[in-house]
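All ligand and atom numbering here is 1-based and tracks the order in the structure.
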Amino acid sequence: MFATPADVKCLDCAAHGPRLRSVHAAALAAVDAGRMPWRAGNDAWLASIERVRALAADLFDGDPEGVAMLHSVGHAMSLAARNLPLERGESVLVLDAQFPSNLLPWQHRCAQVGARVVRAVRRVGQDWTGAVLDALEANPSVRIAALPHAHWHDGALLDMDAIAGRCRARGIALVLDLSQSLGVLRVDIDRWQPQFVASVGHKWLLGGYGLAWLWVAPHWRRHGEPLEQHWFARDHDAAMASPLQLPPFRDGARRFDAGAVAHGQLLAMAEAALGQLKAWGVDAVHQALARRTGAFDAALHAGGAGDWSTPGHAPHVLGLRPPRDRLDAVAAALSQRGAVFTQRHGVLRIAPYLQVTVADMHGLARAAASAR
Ligand SMILES: Cc1ncc(COP(=O)(O)O)c(C=O)c1O
């Protein structure tokens with residue numbers, strides 16, 4: 001089903017998801033259709049936008065009214081940072097070494113209002129959940145917690161039930177960047193009650209680069225301010241008449257749709273990708289990927305390298321931390337066997353998808369554990 005070359009074992013799906021053949025074909029067909037844009041017409045284009053929005057909504061709580069389409073998570077988090085209340089002396093909680101798209105907007109907003117960013121940092125042996133709960137305890141000024149479900153470096157998981165429960169009890173607004181988990185880990189909007197939830201579309205959602213998703217809590221669908229002014233987020237007919245008065249926003253989270261976001265090629269890719277994910281089901285993907293990383297961990301363990309893997313990692317991402325003097329040999333052994341992965345700060349990020357088999361994972365881990 002995948003267009004990845006057979007000799008490549010792509011373990012870099014946390015950087016860019018694999019390309020399904022159906023997604024590739026949809027992209028090519030859309031480029032082709034672009035030669036004669038008048039053929040499909042405006043209504044078909046608008047209908048395809050709403051079909052894709054509804055497919056994306058299935059990953060959140062099933063309600064398309066809550067979903068906006070943007071170009072990036074940086075845009076989504078800038079929106080959240082602009083709208084959520086934050087005052088001088090208050091603070092925003094993030095993880096240590098959090099992805100910049102879920103850090104820079106908070107740093108910017110804090111600088112504007114005289115608030116500050118505080119980081120959850122793990123003590124030795126502590127998990128992220130403990131670090132977040134400790135940081136909340138130590139910082140009564142936290143007003144917003146802007147977090148992921150799994151750390152982008154090594155897939156270390158956060159217990160969102162526990163963290164969301166603590167945030168709710170303290171009246172802290174929860175904002176989530178699920179770029180490294182949506183499509184693999186279930187989201188529980190009802191239980192977590194977040195304010196804004198974002199994800200890129202090109203990793204675990206198998207779509208193209210440049211179409212990202214934002215789920216928005218009901219309050220902001222009525223009262224939120226977008227970052228830009230353009231006709232696409234407003235009542236189309238009213239906006240096209242160029243009235244003197246500002247025309248109304250479109251319904252629901254559509255007011256946050258980014259300008260020129262509904263690009264035919266990206267929509268076509270997203271429709272094919274999200275349709276496939278729906279057919280598989282998020283739980284089945286979760287289990288299939290857990291079998292792959294489970295086989296990897298088991299082979300590491302059998303090779304005496306069980307402690308190289310991230311404790312409590314997500315089903316689809318782990319960080320491989322060989323001893324410093326063996327890091328280069330391990331990276332070379334994996335590369336020789338066709339593996340592609342990201343190496344950062346002494347960690348090899350192992351992030352497979354379904355195109356890599358359980359047997360592949362087993363063989364790669366065996367090679368890694370014996371490399372010197
Ligand atoms: C956790 C996380 N958030 C966000 C992004 C992307 O953010 P943006 O869409 O702003 O480029 C990535 C990776 O590209 C990521 O790993």
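- Within 4.0 Å of ligand 1, counting heavy atoms only, the contacting residues are Ser72, Val73, Gly74, Phe99, Ser101, Trp152, Asp177, Ser179, Gln180, Val200, Lys203.
- Note: Phe196 and Trp215 fail the aromatic proximity criterion, with ring centroids not under 6.0 Å apart.
- Sequence neighbours left out, the pairs with a member in residues 20-46 that pass side chain to side chain donor-acceptor pair (under 3.5 Å) are Arg19-His24.
- For residues 361-372, no residue pair satisfies the side chain to side chain donor-acceptor pair (under 3.5 Å) rule, not counting sequence neighbours.
- Partners of Asp188 according to the salt bridge (charged side-chain N to carboxylate O under 4.0 Å, His left out) rule, which considers only residues two or more places apart in sequence or in another chain, are Arg191.
- Trp192 has its ring centre less than 6.0 Å from the ring centre of His149.
- Neither side chain, Asp177 nor Trp152, offers a donor N or O lying under 3.5 Å from an acceptor on the other.
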